[in-house]
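Inspection log for the structure reproduced underneath, given as structure tokens.
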2 protein chains.
Amino acid sequence: MARQATYDRDKVLKSAMDLFWAKGFHATSLKDLENALDMRPGSIYAAFGSKEGLYAEALRLYSGRTQAGLAEVMAKGGSKLKGIADYIRLLGGQNRAEVPSRACMLVKTILEMPDDDPNLRGLAEDLIDQMEAALTEVLRQAQNEGELPTSADPMRLAGQIQTQLIGLRAYAQRIHAEGRVAQVAEDIAQGIEALSVKAA
Amino acid sequence: MARQATYDRDKVLKSAMDLFWAKGFHATSLKDLENALDMRPGSIYAAFGSKEGLYAEALRLYSGRTQAGLAEVMAKGGSKLKGIADYIRLLGGQNRAEVPSRACMLVKTILEMPDDDPNLRGLAEDLIDQMEAALTEVLRQAQNEGELPTSADPMRLAGQIQTQLIGLRAYAQRIHAEGRVAQVAEDIAQGIEALSVKAA
DNA sequence: CTCAAATTTGAGTGATCGCTCAAAATATAT
DNA sequence: ATATATTTTGAGCGATCACTCAAATTTGAG
């Protein structure tokens with residue numbers, strides 16, 4: 001009956017995510033998006049409603065991929081704490097060239113959008129809360145498996161780890177810090193492994 | 001011979017700092033600045049050259065105040081490690097209402113400006129390097145005073161603390177995290193105090 | 001092939017961006 | 001007062017912003 005869209009929605013969203021992740025919301029113009037997505041404004045608006053709507057979709061994609069990334073490392077089995085530690089080593093070892101930005105897109109969003117922004121700011125906070133909840137869940141499992149002492153507080157620990165994760169990735173965004181990131185990541189990773197009852 | 005400027009440069013810069021700190025570079029328009037500084041564009045440009053120039057000045061002011069803040073806490077004498085720990089507790093205990101943003105303005109700048117920005121991004125990195133150097137120096141003093149073990153590496157430790165500081169403040173920027181910030185700060189502070197040879 | 005439904009296009013919308021500069025206003029010196 | 005030096009003002013510059021929409025294009029159905 002009708003024409004079908006020529007673009008691949010997933011690929012387009014991935015391109016938008018990369019661009020927004022690298023440049024942020026305000027510094028990314030529609031001209032930039034037209035180039036990156038190879039779409040004209042009419043199509044972009046038909047597909048996503050607004051620049052903000054597109055950013056929101058890109059954020060959700062980012063969040064999903066990030067959580068999948070953690071899950072993937074955890075799925076290798078073995079110690080939960082080692083899994084978290086390895087995930088941090090993974091982030092610490094990323095090459096600047098292979099990623100749009102070393103900092104977390106959720107954090108970049110939270111820092112860029114004003115406190116009273118009802119949409120993107122709120123969404124980013126919700127998604128980062130999800131990430132922290134996932135971390136809490138893994139720690140609870142570690143506790144159930146006897147790896148983490150029963151005296152430990154998974155929620156509290158998740159907050160500490162989340163803070164260090166956020167810090168590490170913002171730290172790594174600095175060009176100057178290039179050489180020091182892996183060491184900082186390693187220190188964080190070892191701190192987590194040291195929580196194990198089997199450790200030292 | 002001539003008219004003298006009616007504005008107080010220090011006060012104006014403070015206002016610009018507060019506004020930029022809260023809203024970031026891109027989201028702050030000249031209209032916003034005209035209102036906040038109570039100055040018309042001609043005067044602003046005569047005084048600071050450009051929006052970017054004004055931001056740079058504001059960033060330098062921020063950096064100076066931040067370093068002074070650390071120095072002030074340290075000047076109370078006593079243990080260096082306790083000083084750093086108290087500085088972190090101070091940041092953790094800040095009220096959202098009393099500060100333009102809970103996140104560090106230097107970090108916000110680094111995350112907002114593109115990697116290849118030669119001006120503001122480079123400046124922010126230089127200034128945050130200074131902060132880390134100041135931290136390193138305090139740790140070296142702690143070592144000289146026998147508080148920190150000779151086996152410790154002040155530079156490496158400074159990187160860890162800097163990472164946690166950055167993380168804490170970005171974590172605290174979240175509205176949702178409001179109630180959890182003080183605890184995260186306390187955990188970081190205790191971790192630093194635990195470095196002392198006199199500790200446990 | 002013809003028609004209908006959907007998508008793509010890109011020129012053009014009003015608004016706002018950072019910024020300029022000639023004119024007006026003001027302070028100081030004589 | 002007058003003259004001179006400096007600052008302040010704000011209308012308005014070209015550029016760019018996010019976004020719209022009528023026309024052109026493309027597809028599938030009958």
Taking atom [atom2] of [N] as reference, at what distance in whole Å does atom [atom1] of [X] sit?
X: B/N35; N: D/dG10; atom1: CG; atom2: P; value: 13 Å
X: A/R9; N: C/dT7; atom1: CZ; atom2: P; value: 12 Å
X: B/L33; N: C/dC17; atom1: CG; atom2: P; value: 11 Å
X: A/D32; N: D/dC19; atom1: CG; atom2: C1'; value: 16 Å
X: B/L37; N: D/dT8; atom1: CG; atom2: C1'; value: 14 Å
X: A/D8; N: C/dT7; atom1: CG; atom2: C1'; value: 16 Å
X: B/E34; N: C/dC19; atom1: CD; atom2: P; value: 12 Å

**Prompt:** Of the candidate nucleotides C/dG18, D/dT8, D/dC19, which contains the atom at the shortest distance from the side chain of B/Y7?
**Reply:** D/dT8
Taking N or O atoms only and anything under 3.5 Å, show me the protein contacts with nucleotides 10-14 of chain C, one pair per line.
from: C/dG10; atom 1: O6; to: A/G42; atom 2: N; distance (Å): 3.0

**Message:** Any residue in residues 15-29 of chain B with a heavy atom nearer than 4.0 angstrom to DNA chain C? Just list them by number, or reply none.
**Reply:** B/T28, B/S29
**Message:** Does anything in residues 153-173 of chain B form a salt bridge (Lys or Arg N to Asp or Glu O under 4.0 Å)? List the pairs, not counting sequence neighbours.
**Reply:** A/D187-B/R156
**Asked** Which pairs count as salt bridge (Lys or Arg N to Asp or Glu O under 4.0 Å) when at least one residue sits in residues 38-49 of chain A, sequence neighbours excluded?
**Response** A/D38-A/R40
**Residues touching DNA chain D, which here means a heavy atom under 4.0 Å, drawn from residues 44-57 of chain B** = none
**Request:** Under the ring pair (Phe, Tyr, Trp, His ring centres under 6.0 Å) rule, collect the residues that match up with A/F25, sequence neighbours excluded.
**Result:** A/Y55
**Message:** Taking 4.0 Å as the cut-off, does a side-chain nitrogen or oxygen of B/T6 come that near to OP1 or OP2 on D/dT8?
**Reply:** yes
**Message:** Under 4.0 Å from OP1 or OP2 of C/dT28: is there any side-chain N or O of B/Q4 that close?
**Reply:** yes
**Prompt:** Which residue pairs pass the ring pair (Phe, Tyr, Trp, His ring centres under 6.0 Å) test when at least one of the two sits in residues 56-114 of chain A, sequence neighbours left out?
**Reply:** A/W21-A/Y62
**Contact list for residues 124-172 of chain A, test ring pair (Phe, Tyr, Trp, His ring centres under 6.0 Å), sequence neighbours left out** = none
**Asked** Are a donor atom and an acceptor atom from the side chains of A/Q130 and A/S63 found within less than 3.5 Å of each other?
**Response** no
**Complete:** By salt bridge (charged side-chain N to carboxylate O under 4.0 Å, His left out), A/E72 pairs with (sequence neighbours left out) none
**Asked** Under the side-chain hydrogen bond (donor to acceptor under 3.5 Å, both in side chains) rule, what pairs show up with a residue in residues 6-17 of chain B, not counting sequence neighbours?
**Response** B/K14-B/D18
**Message:** In the structure I gave you, are the side-chain heavy atoms of A/K80 and A/I84 within less than 4.5 Å of one another anywhere?
**Reply:** no
**Residues that A/K82 engages under side chain to side chain contact (heavy atoms under 4.5 Å, CB included), provided they are two or more places apart** = A/S79, A/D86, A/E193
**Message:** Going by the rule side chain to side chain contact (heavy atoms under 4.5 Å, CB included), which residues pair with A/A158 if we only count those two or more places apart in sequence or in a different chain?
**Reply:** A/E132, A/L135, A/T136, A/L139
